[in-house]
Amino acid sequence: SEKKTSDEDNHEKNEPVAQTGEIPEEPKEDVQEEETENVTDETEGTKVTPVSNVTNSKQGIYYIKVNLEQNVVTIYSKDEDGEYTIPVRAMVCSTGKATPTSGTYTIPNRKWDRWTWGQMVGNVWAQYYVRIKGSILFHSVPYTSKDKSTLEYWEYDKLGTNASLGCIRLTVKNAKWIYDNCKAGT
C-alpha cells in the first residue's frame, strides 16, 4: 500500500511514489504525439526532424549516450537507415563514482523501474526516475522531502560535475523528458 505524506496535496491523486519496500503501481499510459514531416531549413539547407516526429520514429525507441567526461546526456533517434545518428536532445547531468564507465544497457520493462517520485540513498527524494541498471537511475536533482519546493539548489548547482553517488542526475525538465519519452527497450 502507498504511504501517505504530509505534502499529498502537492501531487496528483494515485500518482506512484517509490519507497523502499513498496510495490509500485503500473506506469501511466503513453501519450502519442502527432506525426509531422521532416522540414528543410531554407536558410541553411539543414534537415530538421521535429521532436514530435522523432517520438514516433521507427519503434519509438531512442539511444541514450552518457558522456562521463563532459557530464552530458545526448538522446539520439534513428535515421532513415535505422542507425542512431539524429541528435534529439542534449542535457547537462551529474554522474558519480559508481556510474558505470562502459557498457550498453536497456531500460527495463518492469513497473517498479519508473517513478514520478522516489526516495533515494541519504533520505532524499528525486522526481521522474527511470532505472538504467541495478541501483543506477536517471532522475532529477534531489529534494530534501517529497515536496517540489525543497529542491536541493546546492546540488542543482553541481550539474555538469561528478556529484552523484552513481545515478545520472538531471534537471527536473530533462528527467521528466526521459521519463515521458524513453520507454522500455531504450
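Reckoned from all heavy atoms, side chains included, excluding hydrogens, waters and symmetry mates.
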Which is it for Y84 and K65 under the side-chain contact (heavy atoms from CB on, under 4.5 Å) test, yes or no, and what are the steps along the way? CA-CA 10 Å; Y84 291 102; K65 186 172 183 178; over 6 Å; no
Hey, are the side chains of V73 and N174 touching, using non-hydrogen atoms and a 4.5 Å cut-off? no
Quick one: CZ on R169 to CD on E155, what's the gap to the nearest 0.5 Å? 4.5 Å
Nearest heavy-atom approach of C182 to Y62 is SG-CD1, 3.8 Å
Parallel, tilted or perpendicular for W117 and W125, by the 30°/60° rule? perpendicular
Assess the residue pair T95 and I168 against the criterion (side-chain contact (heavy atoms from CB on, under 4.5 Å)); give the C-alpha distance rounded to whole Å, side-chain angles, the decisive distance to 0.1 Å, and a yes or no. CA-CA 5 Å; T95 58; I168 313 297; 3.7 Å; yes
For L170 and W177, what are the C-alpha separation, side-chain angles and deciding distance, and is it a side-chain contact (heavy atoms from CB on, under 4.5 Å)? CA-CA 10 Å; L170 301 158; W177 194 93; over 6 Å; no
Might you confirm whether atom CG of L165 has over 12 heavy atoms from other residues, nucleotides or ligands at distances under 6.0 Å? no
If we ignore hydrogens and angles and just use 3.5 Å, is the side chain of T150 paired with the main-chain N or O of S145 as donor and acceptor? yes
Taking R114 for its side chain and Y179 for its backbone only, find out whether a donor-acceptor pair lies under 3.5 Å. yes
Heavy-atom donor-acceptor pair, S94 side chain to K158 backbone, under 3.5 Å: yes
Validation row: T144, E152 side chains within 4.5 angstrom (heavy atoms): yes
Nearest-0.5 Å distance that lies between atom CE in M91 and atom OG1 in T171: 7.5 Å
Starting from the C-alpha separation in whole Å, work towards a yes-or-no answer on side-chain contact (heavy atoms from CB on, under 4.5 Å) for N67 and T74. CA-CA 8 Å; N67 181 324; T74 307; over 6 Å; no
Does the S77 side chain pair with the main chain of I86, one donor and one acceptor, at a distance under 3.5 Å? no
What heavy-atom pair brings P108 and D113 nearest, and what distance separates the two atoms? CB-OD2, 3.1 Å
Counting heavy atoms not belonging to D157, are there more than 12 under 6.0 Å from its CG? yes
Examine distances only and state if a side-chain atom of N71 and a backbone atom of L159 form a donor-acceptor pair shorter than 3.5 Å. no
Scanning both residues in full, the closest heavy-atom pair of R131 with W112 reads NH2-O, 3.6 Å
Hey, does V66 have a side-chain heavy atom less than 4.5 Å from the side chain of F138? yes
Quick one: does D81's side chain have a donor or acceptor within less than 3.5 Å of a partner on E83's backbone? no
At their closest point, which heavy atom of S140 faces which heavy atom of Q127, and how far apart are they? OG-N, 2.8 Å
Going by heavy atoms in the side chains, are N181 and R89 under 4.5 Å from each other? no
Does a side-chain heavy-atom distance below 4.5 Å link I178 with Y128? no
